[in-house]
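Scroll down for the structure; my scribbles are underneath it.
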Amino acid sequence: MILQMTLSSPFLLSSCSSAHRLNPLLFSKRRHCPIKFSHFPFHLLTKPRFLAVASAATENGVFTSPENAKSFDFSSEERIYNWWESQGFFKPTFDRGSDPFVVSMPPPNVTGSLHMGHAMFVTLEDIMVRYNRMKGRPTLWLPGTDHAGIATQLVVEKMLASEGIKRTDLSRDEFTKRVWEWKEKYGGTITNQIKRLGASCDWTRERFTLDEQLSQSVVEAFIKLHEKGLIYQGSYLVNWSPNLQTAVSDLEVEYSEEPGTLYHIKYRVAGQSDFLTVATTRPETLFGDVAIAVNPKDDRYSKFIGKMAIVPMTYGRHVPIIADKHVDKDFGTGVLKISPGHDHNDYYLARKLGLPILNVMNKDGTLNEVAGLYSGLDRFEARKKLWSELEETGLAIKKEPHTLRVPRSQRGGEIIEPLVSKQWFVTMEPLAEKALRAVEKGELTIIPERFEKIYNHWLSNIKDWCISRQLWWGHRIPVWYIVGKNCEEDYIVARNADEALEKAREKYGKNVEIYQDPDVLDTWFSSALWPFSTLGWPDVSSEDFKKFYPTTMLETGHDILFFWVARMVMMGIEFTGTVPFSYVYLHGLIRDSQGRKMSKTLGNVIDPLDTIKEFGTDALRFTISLGTAGQDLNLSTERLTANKAFTNKLWNAGKFVLQNMPSQTDVSAWEAIRNCKFDKEESVLRLPLPECWVVSELHVLIDMVTASYDKFFFGDVGREIYDFFWSDFADWYIEASKARLYQSGADSACSEAQAVLLYVFKNVLKLLHPFMPFVTEELWQALPDPKEALIVSPWPQTSLPRFPNSIKKFENFQALTRAIRNARAEYSVEPAKRISASIVASEEVIQYISNEKEVLALLSRLDLQNIHFTDSPPGDANQSVHLVASEGLEAYLPLADMVDISAEVERLSKRLSKMQVEYDGLAARLSSQKFVEKAPEDVVRGVREKAAEAEEKIKLTKNRLAFLKSSILVSQ
């Protein structure tokens with residue numbers, strides 16, 4: 001947020017001999033809290049002598065000129081967006097370049113509604129796309145949506161339930177027909193909301209993961225992987241959702257810290273009176289125990305290793321007591337029950353050791369026949385009943401509160417059950433090796449770089465991927481079984497039912513009957529093909545595939561680096577022989593102002609659409625784009641408010657520029673403006689100091705911003721443009737230009753100022769357009785003779801002339817202005833009152849400062865006729881406020897011009913008495929030993945700080961009083 005600098009602090013002054021000297025450290029070049037010239041009513045000096053410029057902006061009904069509107073109207077954003085799209089600006093064109101910039105939009109769920117995560121990726125990707133489009137590259141941002149198997153099926157099931165219909169009441173075909181109907185009616189919601197954010201996608205190429213062509217890609221990918229032996233079927237442990245009745249991916253499991261219970265249970269050692277105490281959070285799974293494990297270095301249990309333990313409530317079933325170094329001696333009792341059918345860690349241990357795997361649970365979350373008398377009970381009911389009976393039999397020792405890390409379904413919220421189930425899997429290791437090499441060889445760059453380690457670690461420890469889901473909505477697995485044959489041994493993989501039947505007849509005869517696997521593929525399977533399936537693959541001869549693959553950039557949240565990004569890399573290399581994108585840009589989460597994750601429970605969710613209505617799309621985009629790659633961003637109303645003010649500042653600057661342009665009929669004035677060129681050193685160097693300074697600073701900015709855009713340092717881009725526009729251009733140059741526009745008699749100086757205003761403002765709009773597309777396009781269209789829309793205008797040229805010496809000179813000029821303005825504020829000089837000044841400097845400095853005497857008088861409220869330039873202090877130096885603006889540049893302001901000295905002495909004397917009373921009270925508290933010893937440390941520290949501050953104020957006030965009194969004596 002830009003804040004006004006407080007000008008009344010006594011710390012601005014320090015004493016030096018008999019004169020007051022201002023602290024030069026406060027007059028540094030650019031401050032993030034710049035001085036606001038709006039303190040003084042400069043706009044009232046004189047009215048502009050120019051007529052407003054008529055523009056096509058108001059003629060086509062799309063755009064509104066700042067001359068006709070007080071502020072930018074957010075309601076015009078949709079109108080501007082529709083105009084862009086109608087003009088075909090979102091489509092790639094090869095007119096100005098041949099190296100395409102291609103981004104595949106992460107497909108949001110078709111069930112989705114816009115949230116801040118969407119706003120983040122849309123903003124960042126649109127910044128990249130708009131920048132590269134202006135750079136002249138053929139730019140394709142390919143949008144689309146994901147069919148979202150589980151989420152969509154749940155939504156439609158709820159809709160059917162409201163009609164009194166269960167999914168199972170319908171046939172599969174009837175149900176999927178209802179889903180497609182829902183999709184056609186509601187599936188465009190998220191797309192329209194993304195458009196509201198300004199996404200300049202090529203909507204003519206919009207894709208849906210269940211489109212016919214993309215579905216063919218999915219089938220082809222399955223077949224190719226199966227032909228290479230990388231897809232297999234088997235019974236393995238998966239994340240199972242009892243309510244949804246399907247396996248779910250790791251991404252769809254969310255872990256939460258919840259209060260639970262740790263149960264301590266006796267396991268008797270077979271043939272002995274000893275027993276081992278097992279601590280478990282899930283006693284109902286003991287029916288699936290296949291071993292008891294202890295750490296081999298745990299002396300408490302080493303004597304039991306190799307013996308057998310009796311599993312409670314199982315009628316004497318024996319399991320081995322084994323040693324394993326991974327058992328945590330300090331967790332619970334240090335004795336671990338191994339239930340491989342219901343725990344991921346136990347499962348991998350059992351496979352390593354060759355232990356059997358027992359499943360005690362049905363797919364609906366009830367216990368099966370392995371649990372004996374507990375068969376048919378819900379898992380949580382069984383837990384209660386089992387513990388009660390363990391207590392009755394003396395096998396229960398105790399239960400105690402324990403914080404659990406509970407796996408819950410992202411979709412339904414239920415507790416996920418690790419369960420052994422027959423599923424289809426992809427062997428990942430050979431695919432992962434190629435993806436690892438892509439980063440090692442520099443074929444893929446991950447931004448920020450620190451995520452490479454995470455990427456490498458996950459791929460180096462990758463597990464096979466369960467790709468089947470027990471749903472009705474999605475890509476049906478292209479496998480057909482033979483009626484009457486073993487499903488695991490006899491099946492046909494084919495592109496469609498006709499091909500499957502033909503293959504089956506060749507192998508099993510003409511009378512063979514087949515049926516398709518009822519499962520569908522994991523949604524992430526089709527998403528893994530997204531960068532190339534959307535461009536026509538497997539038809540590698542398609543125009544889009546040839547022109548735009550491989551793509552350039554994949555931008556997404558860092559939380560799906562494994563689940564989506566890494567899989568796209570693996571599949572891209574496997575099926576196309578090429579890494580599917582050159583860069584991966586990972587953004588962080590958007591959190592609330594306190595750094596908390598947004599959630600409905602906390603009530604801190606910020607709706608992007610509500611935010612747009614209140615602050616505008618541009619303010620929202622600018623706010624969330626200022627973060628750093630990979631870092632979470634705290635979003636607050638204060639930030640949004642500040643950037644809404646930035647939008648208004650742009651609008652008002654545009655209004656000022658337009659109101660100070662010549663009339664369209666003034667041909668000679670426009671010819672003079674157009675003759676001002678800024679791409680040659682000699683033409684820039686001929687400009688007056690303020691103009692040469694602002695043009696030089698602009699050219700430096702263009703280079704810095706362009707380099708930062710190319711490095712994807714978007715936060716740096718936004719901050720640099722913001723600082724230049726608000727501080728350099730609006731706060732300094734616009735105000736300085738008024739000396740030419742309103743007061744100067746020289747037409748050439750006026751034309752130069754007009755040309756510079758127009759040139760700088762146009763370039764600021766270009767640099768800022770990728771961040772704030774709507775207000776910049778609206779302003780651009782209002783400017784004289786826009787040759788093309790801003791969205792497709794050429795990016796500013798780099799390496800343009802700049803003059804560091806002129807920049808340094810104007811920085812001295814700024815320091816002098818700040819020093820005078822601070823002194824005026826310190827002595828409470830009326831804003832309208834003009835004062836005299838003597839400027840003391842070397843001949844060289846005096847020359848360039850005196851050349852801008854009118855600007856200095858305007859910005860510092862000096863009496864133009866009483867500004868004196870000299871190389872030595874004036875005769876009345878002892879009766880003046882002495883300012884040191886910078887080394888070799890000083891000013892003397894006659895005190896009598898600024899204040900009534902006698903009245904000021906009286907005022908300061910009263911103020912000094914009041915401050916002394918305050919200080920004495922603080923000193924008395926600190927002199928009390930009782931207070932210092934018994935009061936809280938932070939309270940004592942606070943009193944000490946207040947006392948030190950009060951003492952400093954007293955010192956400064958005494959110095960000023962002495963100075964004023966000495967001035968009275970001198971004058972007498």
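Residue numbers start at 1 and run along the sequence shown.
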Please work out which of the three classes, parallel, tilted or perpendicular, describes the rings of [Y] and [X], given edges at 30° and 60°.
X	Y	answer
Tyr186	Trp182	tilted
Phe562	Trp458	parallel
Tyr236	Tyr232	perpendicular

What do you reckon, is [atom1] of [X] surrounded by more than 12 foreign heavy atoms closer than 6.0 Å?
X	atom1	answer
Lys352	NZ	yes
Lys434	NZ	yes
Tyr583	OH	no
Glu443	CD	yes
Lys597	NZ	no
His457	NE2	no

Are the ring centres of [X] and [Y] closer than 6.0 Å?
X	Y	answer
Tyr585	Phe714	yes
Phe451	Tyr455	no
His475	Phe525	no
Trp424	Tyr491	yes
Trp524	Trp530	no

Side-chain donor-acceptor contact under 3.5 Å, [X] with [Y]:
X	Y	answer
Ser527	Asp146	yes
Tyr481	Asp490	no
Asn132	Tyr709	no
Asp202	Thr204	yes

Is the backbone of [Y] close enough, under 3.5 Å, to the side chain of [X] for a donor and an acceptor to pair up by distance?
X	Y	result
Asn456	Lys453	no
Glu452	Glu449	no
Ser256	Glu258	no
Thr152	His147	yes
Arg137	Pro100	yes
Glu417	Gly365	no
Asn109	Thr111	no

Given His587, which of His558, Glu125, Glu555 fulfils the side chain to side chain donor-acceptor pair (under 3.5 Å) condition?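 The single option meeting the side chain to side chain donor-acceptor pair (under 3.5 Å) with His587 is Glu555.
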Pick from Arg469, Gln470, Gln233: which one makes a side chain to side chain donor-acceptor pair (under 3.5 Å) with Gln423?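 One option only clears the test, and that one is Gln470.
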Could you go through the side chain to side chain donor-acceptor pair (under 3.5 Å) check for Ser541 and Asp539 one step at a time? CA-CA 5 Å; Ser541 63; Asp539 180 7; 2.5 Å; yes
Answer yes or no: is there a side-chain heavy-atom contact under 4.5 Å between [X] and [Y]?
X	Y	result
Glu227	Val493	no
His344	Asn239	yes
Lys507	Ile482	no
Arg172	Pro518	yes
Lys363	Ser421	yes
Leu124	Phe712	no
Arg351	Pro340	no

Go through the steps for Glu543 and Lys546 under the test salt bridge (Lys or Arg N to Asp or Glu O under 4.0 Å), then give the verdict. CA-CA 5 Å; Glu543 283 300 308; Lys546 289 191 294 184; 3.4 Å; yes
Among residues at least two apart in sequence or on other chains, which ones pass salt bridge (charged side-chain N to carboxylate O under 4.0 Å, His left out) with Arg495?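 Only Glu220, Glu499 meet the salt bridge (charged side-chain N to carboxylate O under 4.0 Å, His left out) criterion with Arg495.
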Phe101 six-ring centre to Lys135 NZ/CZ under 6.0 Å and within 45° of normal: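 Geometry flag: not set, cation outside 6.0 Å or 45°.
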Could you go through Trp141 and Met128, starting from their C-alpha distance and side-chain angles, then the distance that decides it, and tell me whether this counts as side chain to side chain contact (heavy atoms under 4.5 Å, CB included)? CA-CA 10 Å; Trp141 186 11; Met128 299 178 197; over 6 Å; no
